[in-house]
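Taking it in order: structure first as structure tokens, then the write-up.
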Amino acid sequence: MNPTHTVTEAELHASIDGQLSSERQLEVEAYLAAHPEEARRMQSYQAQKQALRDLYHPVLNEKISPRLQYAAKPPKQWHLQRIAAGIVIAISSAGSAWVARGMADENLLQTAFIQPSAGDDAPHKLAGFARRAAVAHVVYSPDTSRPVEVGADEEQQLEHWLSRRLGSPIKPPSLQSVGYTLIGGRLLPGERGPVAQLMYHDASGQRLTLYVTREIPSQTKASSAFQFGQDGPVNVFYWVDKSMGYAISSGSAQPDLLRVAKVIHQQKIMM
């Protein structure tokens, strides 16, 4: 059997996570050796995974709170009647909780598409693709050695590559009119397939990223107004246009990002 024709996307990611058998791992490595582009893509996924691990590793060393320690203690012996009553209550509560959780998860996905109320200028809490865009910005924008996979000096190659992988023609927008120059772009792993990240910088070195994805709820494949959100120091403007989600992330102020968002929207980067 020729491994270069039998490696699936799931196996590529399982290889990164160390979940394959030693025999299958060797076959995947042989496949990657024969496909340099796929090897570079997997290397970028591995780098992202490591960066996220480094970012959130301190949480693992946090001291467990007394409340959680108390909750982990074995329950005291109760009378049989109390146990039975507790089980009934627990089942009822659990059912309600899971229904509520399902609604909450759906609301998280919808956060990126809800138009704010009139006069509501406060940033929204990010969720869905807007949250993933902010995380990707934090991971890659500080990188000085290899912030992108394909540079602006190969823009035609970048355009062809992103278009092929996302399944639609995509052209990096020109942001010269608002003071930003293209650095290049890369593919990132989404929840169900690849997404694109384009990176720009201004004369001061401030970096801005544009995140483009198809991973939006099926019932929300329509245009939406610009939304503004924050995740720590990262400001994000995001919107939906013709079944595509867009998010620009930067440390720039809200008015500056809005000007950029309008320029991008006017250019219609999905041809």
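Starting from 1, each residue takes its place in the sequence as its number.
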Under the side chain to side chain donor-acceptor pair (under 3.5 Å) test, residues paired with [X] that sit two or more places apart:
| X | result |
| --- | --- |
| Arg207 | none |
| Arg40 | none |
| Ser250 | Gln206, Ser252 |

Check your understanding: Does the pair Val260 and Tyr180 meet the rule for a side-chain contact (heavy atoms from CB on, under 4.5 Å), with working shown?
Key -> CA-CA 9 Å; Val260 175; Tyr180 284 92; 4.0 Å; yes

Check your understanding: Do side-chain atoms of Glu149 reach the backbone of Leu187 as a donor and acceptor pair under 3.5 angstrom?
Key -> yes

Check your understanding: Sub-3.5 Å donor-acceptor pair from the side chain of Gln254 to the main-chain atoms of Asn235, do we have one?
Key -> no

Revision key, fill the gap. With sequence neighbours left out, the residues meeting salt bridge (Lys or Arg N to Asp or Glu O under 4.0 Å) with Arg146 are none

Suppose we screen for side-chain contact (heavy atoms from CB on, under 4.5 Å). Which residues come up paired with [X], at least two apart in sequence or across chains?
| X | value |
| --- | --- |
| Ser21 | Glu23, Arg24 |
| Thr144 | none |
| Glu38 | Leu12, Tyr31, Leu32, His35, Arg41, Arg165 |
| Ala134 | Leu126, Asp231, Val234, Val236 |

Heavy-atom side-chain proximity of [X] to [Y] below 4.5 angstrom:
| X | Y | result |
| --- | --- | --- |
| Val212 | Met244 | yes |
| Leu208 | Leu175 | yes |
| Thr181 | Gln176 | yes |
| Val150 | Leu162 | no |
| Pro173 | Leu198 | yes |

Exercise for review: With side-chain contact (heavy atoms from CB on, under 4.5 Å) as the test, would you mind laying out the steps for Lys262 and Phe226 before giving the verdict?
Suggested key: CA-CA 9 Å; Lys262 289 179 178 179; Phe226 293 133; 3.8 Å; yes

From [atom1] ([X]) to [atom2] ([Y]), nearest 0.5 Å:
| X | Y | atom1 | atom2 | answer |
| --- | --- | --- | --- | --- |
| Ser177 | Gln267 | OG | CD | 7.0 Å |
| Thr209 | Tyr140 | OG1 | OH | 11.5 Å |
| Trp239 | His265 | CH2 | NE2 | 7.5 Å |

Closest contact, heavy atoms only, [X] versus [Y]:
| X | Y | answer |
| --- | --- | --- |
| Gly185 | Leu158 | N-CD2, 3.7 Å |
| Ala136 | Leu188 | CB-CD1, 3.6 Å |
| Val263 | Ser174 | CG1-O, 3.8 Å |
| Ser163 | Glu159 | OG-O, 2.7 Å |
| Ser15 | Gln25 | OG-NE2, 2.9 Å |

Practice item. Quick one: which residue pairs count as a salt bridge (Lys or Arg N to Asp or Glu O under 4.0 Å) with a foot in residues 28-37, not counting sequence neighbours? Key: Glu37-Arg164

**Study point:** Under the ring-ring contact (aromatic ring centres under 6.0 Å, His included) test, residues paired with Phe237 that sit two or more places apart
**Key:** Phe228

Review point. Which is it for Val195 and Phe129 under the side-chain contact (heavy atoms from CB on, under 4.5 Å) test, yes or no, and what are the steps along the way?
Key: CA-CA 10 Å; Val195 300; Phe129 77 83; over 6 Å; no

